[in-house]
K.L.:
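For reference, the structure I am asking about is given below.
All of these numbers come straight from a predicted model, not from anything done at the bench.
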Amino acid sequence: MFPTPPASPDADADLPPAAPYAPPASFGIKSWAEEDRPREKMVQKGRAALSDAELIAILLGSGTTKLTAVDVGMLMLQAADNDLNELARLSIKQLCRHPGVGPAKAITVVAALELGRRRKEAGAGRRVAITCSKDIYQLVRPALQDLPHEEFWVILLNRANVVMRQEKISSGGVAGTVADPKLIFKQALEHLASSIILVHNHPSGNRQPSGADISLTKKLKEAGGFLDLPILDHLIYTDNGYYSFADEGIL
């Protein structure tokens, strides 16, 4: 019987311990395939092919040493619940809280979102006929969307209920604004309007009218009756819907 050979020493026993695993550093956009870089992707595939984060990355221009511009764009969207409307409500100071975003980049993003809002407003400026409360909501949305404070507007109509003008009467704070009946009817008389629609927004998102809203509406309706300028509706605007006094039968 052959003797059992002695156990061989562990071949790895004398090797130095392995270094702990460290993930590779984040690669910059320039290391990406050309068709994946936001700017090149837009040129090759068109603007519709880009995600919201990629579009924001183009506005930012660059990221940080650890984050690409797309990463920063994703973080900005995540902070706004991936909602561009929520992102548009953020101030320059709030945007600057994100890594790699200074005042210049924040201003660029705010400017781009404001251009988008104005584009909607310009499209809504065409002469349209008002047939229901939804028409009013769509008309005023570009002007009132994302506002952090209250504003009071009037819509002046001709006899065919076609919009003649939209006029801002007042601008106030988060909790309210003052609507002077004299200014409202002055606008209507100067432009020879046949009827009026009242609109104001609630930045809180609460669609229900306050006691002051109801009182003012009744006061303006009574005054309009004497001047032969009927108040057709009073709309309380929020970004997520509206309240129509006419629809609720209390006008």
K.L.:
So which heavy atom on Ser244 is nearest to which on Asp233, and how close?
P.N.:
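Scanning both residues, the minimum pair turns out to be OG-OD2, 2.7 Å.
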K.L.:
How about Ser195 and Pro230: do any of their side-chain heavy atoms sit closer than 4.5 Å?
P.N.:
yes
K.L.:
Any side-chain heavy atom of Leu198 sitting closer than 4.5 Å to one from Phe245?
P.N.:
no
K.L.:
Start with the C-alpha distance between Ile197 and Ile130, add both sets of side-chain angles, then the distance that settles side-chain contact (heavy atoms from CB on, under 4.5 Å), and finish with yes or no.
P.N.:
CA-CA 10 Å; Ile197 292 172; Ile130 300 297; 3.9 Å; yes
K.L.:
Quick one: do Arg118 and Glu114 make a salt bridge, cutoff under 4.0 Å?
P.N.:
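The answer is yes: the pair qualifies as a salt bridge.
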K.L.:
Verify whether one side chain among Ser194 and Asn158 offers a donor that lies under 3.5 Å from an acceptor in the other.
P.N.:
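Note: Ser194 and Asn158 side chains miss the donor-acceptor criterion.
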K.L.:
Would Ser62 and Lys105 count as a side chain to side chain donor-acceptor pair (under 3.5 Å) if you check the C-alpha gap in whole Å, the side-chain angles of each, and the deciding distance to 0.1 Å?
P.N.:
CA-CA 9 Å; Ser62 62; Lys105 292 182 178 180; 3.0 Å; yes
K.L.:
Looking at Gly211, is its backbone amide N or carbonyl O close enough to the side chain of Ser215 to form a donor-acceptor pair, meaning the two atoms are under 3.5 Å apart?
P.N.:
no
K.L.:
I'd like to check Val154 versus Val199 (side-chain heavy atoms, cut-off strictly below 4.5 Å). Are they in contact?
P.N.:
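No, their side chains stay 4.5 Å or more apart.
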K.L.:
Going by distance alone, is a donor N or O of one side chain under 3.5 Å from an acceptor N or O of the other, for Thr238 and His202?
P.N.:
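No, no side-chain donor-acceptor contact under 3.5 Å.
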K.L.:
What's the spacing between Glu248 CD and Ile214 CD1 if we round to 0.5 Å?
P.N.:
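Answer rounded to 0.5 Å: 10.5 Å.
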K.L.:
Judged by atom type as modelled, is there a donor-acceptor pair below 3.5 Å linking the side chain of Arg207 to the main-chain atoms of Asn240?
P.N.:
yes
K.L.:
Report, as yes or no, whether the 6.0 Å neighbourhood of atom CD on Glu222 holds more than 12 heavy atoms from other residues, nucleotides or ligands.
P.N.:
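Not buried by this count: 12 neighbours or fewer within 6.0 Å.
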K.L.:
Between Val162 and Val140, is there a shared hydrophobic cluster once you connect ILVMFWY residues whose side-chain heavy atoms come closer than 4.5 Å?
P.N.:
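In one cluster with Val162: Val140, no.
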K.L.:
Membership question, hydrophobic clusters at under 4.5 Å side-chain separation (ILVMFWY): are Met74 and Met42 in the same one?
P.N.:
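Not linked; separate clusters.
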K.L.:
Quick one: are the ring centres of Tyr242 and Tyr237 less than 6.0 Å apart?
P.N.:
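Centroid distance Tyr242-Tyr237: not below 6.0 Å, so no.
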K.L.:
Apply salt bridge (Lys or Arg N to Asp or Glu O under 4.0 Å) to Lys186 and list each qualifying residue two or more places apart in sequence or on a separate chain.
P.N.:
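With neighbours one apart ignored, the set is Glu190.
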K.L.:
Could you tell me if the side chain of Tyr243 sits less than 4.5 Å from the side chain of Leu235, heavy atoms only?
P.N.:
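No; the side chains remain at least 4.5 Å from each other.
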K.L.:
Quick one: are Leu67 and Leu75 in side-chain contact, heavy atoms under 4.5 Å?
P.N.:
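Side-chain contact under 4.5 Å: yes.
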K.L.:
Atom CZ in Arg165, atom CH2 in Trp153: separation rounded to 0.5 Å?
P.N.:
10.5 Å
K.L.:
Ignoring hydrogens, what is the shortest heavy-atom contact between Glu151 and Leu144? Give both atom names and the distance.
P.N.:
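Reported closest heavy-atom pair: OE1-CD2, 4.0 Å.
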K.L.:
In Å and rounded to the nearest 0.5 Å, what is the CG to CG distance from Leu229 to Leu220?
P.N.:
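Nearest 0.5 Å value for the CG-CG distance: 11.5 Å.
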K.L.:
With rounding to the nearest 0.5 angstrom, report the OG1 to CG distance, Thr64 to Asp71.
P.N.:
8.0 Å
K.L.:
In the structure I gave you, are the side-chain heavy atoms of Glu150 and Ser171 within less than 4.5 Å of one another anywhere?
P.N.:
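With C-beta onward as the side chain, the pair stays apart.
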K.L.:
Any side-chain heavy atom of Leu87 sitting closer than 4.5 Å to one from Leu90?
P.N.:
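Yes; the side chains approach each other to less than 4.5 Å.
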K.L.:
Tell me the side-chain hydrogen bond (donor to acceptor under 3.5 Å, both in side chains) pairs involving residues 84-103, sequence neighbours left out?
P.N.:
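Every pair satisfying side-chain hydrogen bond (donor to acceptor under 3.5 Å, both in side chains) with a residue in residues 84-103: Asn85-Gln145, Glu86-Arg89, Arg89-Asp239, Ser91-Gln94.
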K.L.:
Say you draw a straight line from CD1 of Ile136 to CG of Leu157; how long is it, rounded to the nearest 0.5 Å?
P.N.:
8.0 Å
K.L.:
If I take atom NE2 from residue His200 and atom CG from residue Leu216, how far apart are they, to the nearest 0.5 angstrom?
P.N.:
8.5 Å
K.L.:
Would a distance-only check, ignoring hydrogens and angles, find a side-chain to backbone donor-acceptor pair under 3.5 Å from Asp146 to Ala88?
P.N.:
no
K.L.:
Cluster question for you: counting only ILVMFWY and a side-chain heavy-atom cut-off of under 4.5 Å, with indirect links fine, are Val70 and Ile58 together?
P.N.:
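Different hydrophobic clusters.
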K.L.:
Does the side chain of Leu232 reach to within under 4.5 Å of the side chain of Ile196, using non-hydrogen atoms?
P.N.:
no
